[in-house]
Amino acid sequence: MLGAPSTHDSGAPATGSRDPAAVKWGLIAATVLFLLLFLALPLAAIFTEALRKGFGAYLASFHDPAALDAIKLTLLVSAIAVPLNVVFGLAAAWAIAKFEFVGKSLLTTLIDLPFAVSPVISGLIYVLLFGLHGWFGSWLSEHNFKIIFAVPGIVLATMFVTFPFVARELIPLMQEQGSDEEQAALVLGANGWQTFRRVTLPNVKWGLLYGVILCNARAMGEFGAVSVVSGHIRGLTDTVPLHVEILYNEYNFVAAFAVASLLALLALVTLGAKTLVEMKVRRELAEAAALASPRHNNEGQS
Amino acid sequence: MSIELRNISKSFGQFQALRGVNLTVPDGQLVALLGPSGSGKTTLLRVIAGLESADGADKPEILFHRQDVAGADVRSRGVGFVFQHYALFRHMNVFENIAFGLRVRPRAARPAEAQIRERVRELLRLVQLEGLEGRFPSQLSGGQRQRVALARALAVEPKILLLDEPFGALDARVRQDLRRWLRRLHDEIHVTSVFVTHDQEEALEVADRVVVMNKGRIEQEGTPDDVFHNPASEFVMNFLGNVNLFHGRVEEGKAVLGSLVVDSPDGKKAPGANAKLFVRPYDLDIRLEDTGGLLGARIVRIQSAGSVVKLELLADGEKPLHVELTHTRFRELKIAPGRRIFVVPRDARVFVEDYTI
Amino acid sequence: MSFQFKQRSVLPGFNLTLGYSVLYLSLIVLLPLATLFTRAASLSWSEFWAVASDSRAVASYKLTLGASLAGALANALFGFIVAWTLVRYSFPGRKLFDAIVDLPFAMPTAVSGIALTAIYSQNGWIGRWLEPLGIKAAFSPLGVTIALTFIGLPFVVRTLQPALQELEIELEDAAASLGANRWQTFRRVIFPALFPALLTGFALAFARALGEYGSVIFIAGNMPMKTEITSLLIIVKLEQYDYAGAAAIAVVMLVASFVILLGVNLLQWWFARRHNGRG
C-alpha cells in the first residue's frame with residue numbers, strides 16, 4: 001500500500017559487477033546526474049531562494065509573529081497526533097503479532113487504508129462530518145464547538161494521514177520476533193505489563209523509533225489534508241506548511257522559502273535519523289534470527 | 001514434588017496432539033519424554049507448565065504434590081522452563097537474564113539487590129559461567145546459552161524443572177558433555193525434572209525414567225533398562241535403536257519365519273496369526289555352517305572401523321540384514337565380503353499381530 | 001470442531017489491545033471514510049453522474065490520470081536505473097545517493113511544490129534552458145507531470161531494491177554458463193524476475209500521484225479545464241460549500257485508486273501462483 005517505502009538492506013553490493021565497464025559507468029553517471037538534477041537541485045533551490053536577499057532578510061522572516069504561531073501550532077499538533085498513534089501502533093501490533101484470531105489480515109489491511117487515501121480526501125471526510133453542513137455540524141455550532149477551521153480538525157486530519165506509520169513498522173518486527181521471550185517472562189513470574197515493558201518494548205525500541213520518526217515528519221509536513229480543514233486563519237489555524245503557502249501566494253518569496261527551509265531541514269534530519277535507525281532495526285531483526293527463536297506454531301510441535 | 005497427570009488431551013484445530021494421557025512423575029526424578037516429532041511430547045511439557053491448557057471431554061487433572069493446578073495460570077505454577085531455543089532476553093546481559101525472575105516479583109516478595117546478586121553469582125557458579133555475566137546472549141556459544149537458560153529457570157527456585165529439547169540445538173560434541181553435566185547437576189539439586197527429546201540415546205543415558213510417546217499417547221513408561229530390554233510394542237522396539245524385522249506365522253506356540261523357528265509366549269493365544277520378529281543387530285550371530293533352523297545369507301559389506309564390526313548382509317529372498325559383531329568374534333570367524341554364511345538370533349522379540357485393531 | 005474466534009494463548013492483553021485498536025481505527029479512519037460514501041449517496045444517480053461527468057471534472061480526470069501515468073512510467077524507467085546502480089555497483093557517495101532517494105518522501109509536499117516551481121519557471125535554473133527550446137515546464141501539464149514524477153520516485157526504487165538484492169547471482173552465472181550474453185541474460189532472466197516488483201512500484205507511484213496535492217498546485221498554474229487537477233477541484237467545490245459535489249468527485253478518485261491497488265494485488269497473486277507452481 002501507499003506510504004513509507006519499506007526498510008531495505010542497503011549494504012554493500014553483493015558481488016562484483018558482471019556488466020561491461022562502459023555500461024556500468026554509464027549507468028552510474030545517469031543515476032548520479034538524475035538524482036542531482038531531480039532531487040538535490042530542488043533542495044538547493046530552497047536554501048538559495050531563502051538566502052537571496054542575504055542572511056539578515058532570512059532571519060527576519062522568523063521575527064514575524066505569524067511564523068512563530070505557525071511553528072507553535074505545528075509542534076502542538078504533532079505532540080498530540082504522534083503519541084496517540086504510538087499508543088495505537090503498540091496496541092495493534094501486540095494484538096496482531098502475538099495472537100491468532102479471525103479477521104487478522106483484514107485488520108492489518110484496514111490499518112494501511114489511510115495511505116491509499118488522497119490527502120485532500122483525508123481532510124474532506126472530516127469536513128463532511130464536522131463542517132457547518134456536515135453530519136454533526138449543526139449540533140456542534142449549537143454547542144459552540146468548533147472542529148473544522150479550528151485546531152481539533154487539524155489534529156484529526158493529521159492523525160488520519162499519519163495513522164499507519166507506527167503500526168506498520170511494529171507489526172512485522174514483532175511477528176518476526178515471535179513470543180518465546182514473552183512466554184519465558186511469564187513462566188518466570190512476570191505479569192503482563194512487566195512482560196511488555198521489560199521484554200517486548202526493549203526488543204522493538206528501534207523499530208518504534210523508526211515509526212515515530214516517519215510519523216512525526218509526516219505530521220509536521222502534512223499540507224493537503226490540513227489545508228482542507230484549517231481555513232487558513234493566520235495566527236490561529238495556520239501550520240508551518242500552510243504558512244509557506246500563504247507567504248508564497250503573497251509573493252513574499254524570501255519569507256516563504258525561509259520558512260520552507262525549516263521544513264527542508266526537518267526532512268534532512270529525518271533522512272539522517274532514518275538511515276541510522278534503519279541499521280539498528282536491521283540489527284534487531286538479524287538478532288532475532290540469530291538467536292533462532294522460531295515461533296511455536298502449535299502444529300505437531302514435538 | 002511429584003507430578004500427576006490425568007486425562008490430558010489437547011488438539012490444535014484438526015490436529016490431535018494429545019489423546020488422554022495419564023502419567024505420574026515421582027518426586028525428585030529426572031524423566032525423559034521420548035518420541036518422534038508430532039508425538040505430542042512438547043505439547044505435554046507445555047501443558048504441565050501451563051503454557052497450553054488441556055481440553056477434551058474428560059476433566060483434565062494436573063497435580064503438583066497432590067494439589068490440582070489445572071486451573072492455575074503459568075505465573076503461579078512455580079515451574080522452571082527451559083525453552084528449546086532458550087528464549088533468552090536478547091537485550092539483557094547474562095546477569096540480568098538470570099536475575100529477571102527475582103526482579104519481577106511483587107515488591108513484598110522481592111529479594112534485596114544484594115541478595116539477588118548473591119543468588120545470581122551462586123547460579124553462575126553452578127552452571128560454570130562465572131565471568132560471563134556481562135555478556136549478551138548474541139555473544140555466547142550455543143552451550144553457554146543453554147546453561148544461562150537453565151540458570152535463569154533455576155533462579156526462582158522452581159519445584160519442577162521442565163526442559164524442551166534441551167540439547168536439540170547443539171552440535172554433537174557439546175551435546176555429549178552437556179547431558180552428562182545435566183545428569184550430575186540433577187544429582188546435586190534433585191529437583192523433579194522432565195525433559196523432552198527425540199534422541200533415544202540421550203533419554204536412555206540421562207533419565208531415571210523414560211516415557212515413550214507416539215501419536216499423542218504413551219506407548220511405554222519405565223526405567224531405561226526396562227524400555228530398552230523389554231519393549232512393550234513394535235513402536236518402542238523400532239524407536240529405541242536399529243532393528244532387523246522378519247515376517248512369519250505363529251505355529252504351535254512358536255513363530256516360524258522361513259527356515260527360522262523362535263519361541264513365542266504370545267503365540268499360544270493366536271495360532272495362525274501373522275508374527276513379526278524383531279532382532280537387534282548385536283543379537284544376531286553368524287555361523288559358517290548350516291546346523292539346521294538357520295537363515296542363509298551373503299555378506300555384502302563389512303565396516304570394521306569402530307567399536308563394533310558392522311556387517312551388511314543379503315539374506316535368502318533378497319532381504320537386507322544388519323549385524324554387529326565384537327572385534328573378537330569377527331577375528332574368530334575370518335569372513336570376507338561375498339562369502340555365504342548363516343544367521344541365528346540369540347535373542348528376539350516376537351509381536352503377534354493384533355486383530356483387534 | 002466448534003468455532004473459535006481466537007486461539008488460546010498464555011499471553012495476556014488480547015481483549016484490551018484488540019478492542020482499543022478496533023475502536024481507534026473505527027473512530028479515526030472507518031467512520032469518517034464512511035461519511036464520504038453516505039454523502040455522495042445523498043445525490044441521486046443522475047445528479048451524481050452530472051457532477052462526476054461535468055466537463056471541468058472530466059478535464060481534471062484527464063490531466064490527473066495522464067500526468068500520473070506519465071510520471072509513473074518515467075519513474076519505472078529512471079527508478080529501475082537508479083535501483084540497479086545503487087544495488088549492483090559501488091561508487092563514491094553511493095550511500096549518500098541512496099539516502100537522498102527518500103527525499104521526496106521526507107520533504108513536506110508544499111516545500112517540494114515551491115522548490116520545483118522555482119526551478120522550472122521560466123527564469124528558474126532549469127526553466128531558463130527550456131524556455132528558448134519552446135518548452136514551457138511550469139504552469140503546464142508538463143509541470144504537473146514533473147511534480148508527480150518527483151513524489152513517486154522513492155516508491156519504485158524502494159520496491160525494486162530488495163527484489164534486486166534477493167535476485168540470486170547464481171541465476172545470472174547459470175545463464176552465462178549456458179551461453180547467454182549479458183543482454184540476453186538481462187532480458188530473459190533478470191528482467192522477468194524483477195517485473196513483479198517493478199509493477200508494484202509503478203502502481204504505488206501511480207496511485208500516490210493520483211491523489212497528490214501539495215507538490216502539484218504550485219507548479220500547475222491551476223487553470224480550470226487546462227491545468228487543474230482533481231484534488232484541487234474537490235477543494236474548489238468545498239469552498240463553494242458544495243459538499244455533495246466534493247464528495248462525489250472524491251468517490252470517483254478513491255475508487256480509481258482502489259481499483260489500481262486491487263489490480264496490482266491481483267497481478268501479484270497471479271505472478272506468485274505462476275512461480276510457485278499452482279499451489
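Order of the sequence lines fixes the chain letters, A, B, ..., with proteins taken first and strands second; residue numbering starts at 1 for each chain.
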Considering only heavy atoms, which portion of B:Val156 lies under 4.5 Å from any heavy atom of chain A: side chain, backbone, both, or neither?
side chain
Worked verdict on B:Val79 versus A:Val187 for side-chain contact (heavy atoms from CB on, under 4.5 Å)
CA-CA 7 Å; B:Val79 299; A:Val187 176; 4.0 Å; yes
Side-chain donor-acceptor pair under 3.5 Å between B:His85 and A:Asp180, yes or no?
no
Around atom CZ of A:Arg283, are there more than 12 heavy atoms of other residues, nucleotides or ligands at under 6.0 Å?
no
Other residues, nucleotides, ligands: >12 heavy atoms within 6.0 Å of A:Lys205 NZ:
yes
From A:Leu188 CG over to B:Phe89 CZ, what is the distance, rounded to the nearest 0.5 angstrom?
5.5 Å
Using a distance-only test with no angle check, is there a side-chain donor-acceptor pair under 3.5 angstrom linking B:Arg46 and A:Gln183?
yes
Which bit of B:Met213 comes within less than 4.5 Å of chain A, counting heavy atoms only: side chain, backbone, both or neither?
neither
Supply the atom-to-atom distance B:His91 NE2 to A:Leu201 CG, rounded to the nearest 0.5 angstrom.
9.0 Å
Interatomic distance, OH@B:Tyr86 vs CD@A:Glu181, rounded to 0.5 Å, equals 14.5 Å
Rounded to the nearest 0.5 Å, how far apart are CD of A:Gln194 and CZ of B:Arg75?
7.0 Å
Are A:Val199 and B:Phe100 packed together at the side-chain level, in the sense that at least one heavy-atom pair is separated by less than 4.5 angstrom?
yes
Interface moiety of B:Phe81 toward chain A, non-hydrogen atoms closer than 4.5 Å:
both
Checking heavy atoms, do the side chain of B:Arg152, its backbone, both or neither come under 4.5 Å from chain A?
both
Smallest heavy-atom separation, A:Ala184 atom then B:Ala87 atom, equals CB-O, 3.9 Å
Taking every non-hydrogen pair under 4.5 Å, which of A:Asn203, A:Leu186, A:Thr195 racks up the most with chain B?
A:Asn203
Just so I understand: if I count every heavy-atom pair under 4.5 Å between each of B:Val74, B:Leu45, B:Leu33 and chain A, which residue has the most?
B:Val74
Check A:Arg198 against B:Met92 and note the closest heavy-atom contact, atom names and distance.
O-CE, 3.4 Å
